[in-house]
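Notes for the one structure printed next.
All heavy atoms count here, side chains included; hydrogens, waters and symmetry mates do not. These figures come from a predicted structure and were not determined experimentally.
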Number of protein chains: 2
Amino acid sequence: MLDRAAWIKAAIDLLADGNLDGLRVEVLAKRLGVTKGSFYWHFKDRRDLLDAVLDDWKEGRIRDIRKQTAADPGEELGAIRHTIAIYSAARNRRGIAIERAFRVWARQDPRAAAVVEEVDAVRLDCARRLFLARGLPAGEAAARSILLYAYVFGVALMHCDGFDADLNAARNRITELIAE
Amino acid sequence: MLDRAAWIKAAIDLLADGNLDGLRVEVLAKRLGVTKGSFYWHFKDRRDLLDAVLDDWKEGRIRDIRKQTAADPGEELGAIRHTIAIYSAARNRRGIAIERAFRVWARQDPRAAAVVEEVDAVRLDCARRLFLARGLPAGEAAARSILLYAYVFGVALMHCDGFDADLNAARNRITELIAE
DNA sequence: CAGCATCCATACCGTACCGTATGGTTTCTG
DNA sequence: CAGAAACCATACGGTACGGTATGGATGCTG
């Protein structure tokens, strides 16, 4: 007895294990222990699922972002550090994999691109607020917001495990470079 | 009359238009105006092509990186700025698309991961040299190298077109934040 | 209890692709 | 010129998947 929410949840899970091309109806059904006869009861077609996944992700992301960047006055620096730490590759590997999958998806699907753009707009705006509260001028706050998120998404695409002896120290230095 | 090099070149081109899953033997053959009968003359199978593509990309990347980061003494700051500018999303969209495709590929294929790791090691090492020449301590130089490449790869995954009024100004500010 | 809605399984068709087998054509070579 | 090698087309079998059609099982409802 599945509903759309269960399919969407499993779809995002499958997405995290690969990319959009790995998100197949029959593979998903097998994971859920049913056949695709069930799928086509809940969804018109594959595109219907993809759109639902995009909506689900968008809402969840925007809610989380607003929660994570809500800082009491004077606590903005901690909130910035926390935002960077959340995407630290060490833990939260799952969350990063999902982010990457959606962003790669956005490169080959206009609807996904629109959703990612909306999410990024919220993200950047929330980050900018934190930098502005710290007294940075508008242009500087905007630049640092872009740098912050470009960095966290960029490290998710790199393989720098064997580069520095102390990667944690490097991470802390980078955090301070961005957060000031 | 094609040779392996022509197939590899076309394969990277096709890779840039999508991702690894879009790199199909028959699609590639159609692009080159031949049938897959030709492909299986030059390559054992699809994996053979993928390995050849990885080798080709690795060599080309490492050569380019060494060329781009070769700076005369005293010109290191300019070389750092230039390195960032090369991956500026405005021009060079093709190069960025290729980079992204290889990095996403590396997430689902150990051989690709090994190649990307090699390329990143060279990249980070070359960048670190530039920062060291500017007098930064070792840890700081390493951190900035990681930040530099994470940033340029990260912006390739973001959609921040409508965020700041003057994106170019933001880019310049970010460049200075990284390069000092 | 009859009938309808919900939820899923089975069976089927069509398509896109990988890899092989085989034959044809051109060019090089002894 | 005979034969071999290089290069490619055609034809085939196998697999994975999207989507549809249909029927079965369960539960709700008048």
Does the side chain of B:His42 get closer than 4.0 angstrom to OP1 or OP2 of D:dC8 through an N or O atom? yes
Hey, are B:Arg63 and B:Glu59 close enough for a salt bridge, meaning a charged N less than 4.0 Å from a carboxylate O? no
Distance check needed: C:dC18 P versus B:Lys30 NZ, whole Å only. 12 Å
Going by the side chain to side chain contact (heavy atoms under 4.5 Å, CB included) test, name the single residue among A:Leu49, A:Leu50, A:Asp51 that passes it with A:Val53. A:Leu49
Check the hydrophobic clustering (I, L, V, M, F, W, Y; side-chain heavy atoms under 4.5 Å; chains of links allowed) and say if A:Val122 and A:Ile84 are grouped together. no
Under 4.0 Å between a Lys/Arg side-chain N and an Asp/Glu carboxylate O for A:Lys9 and A:Asp3? no
salt_bridge(B:Asp17, A:Arg107) N-O dist < 4.0 Å: no
Rounded to the nearest Å, what distance is computed from the CH2 atom of residue B:Trp7 to the P atom of nucleotide D:dC7? 13 Å
Lys NZ or Arg CZ of A:Arg100 over A:Phe153 ring: under 6.0 Å, within 45°: no
Going 5' to 3' through nucleotides 23-28 of chain D and flagging B where a protein heavy-atom sits under 4.0 Å of the base, S where only the sugar-phosphate is that close, and - otherwise, we get ------
Angle class for the B:Trp7/B:Phe43 ring planes (parallel below 30°, perpendicular above 60°, tilted otherwise)? perpendicular
Whole angstrom value for the distance that separates P of C:dC7 from CZ of A:Arg4: 12 Å
A:Leu28 CG to C:dC8 P, straight-line distance once rounded to whole Å: 13 Å
Mind calculating the distance between CH2 (A:Trp41) and P (C:dC7) to the nearest angstrom? 7 Å
Less than 4.0 Å between a side-chain N and a carboxylate O, is that true for B:Arg103 and B:Glu99? yes
Scoring nucleotides 14-21 of chain D by protein non-hydrogen atoms under 4.0 Å (B base, S sugar-phosphate only, - none) yields ---BBBB-
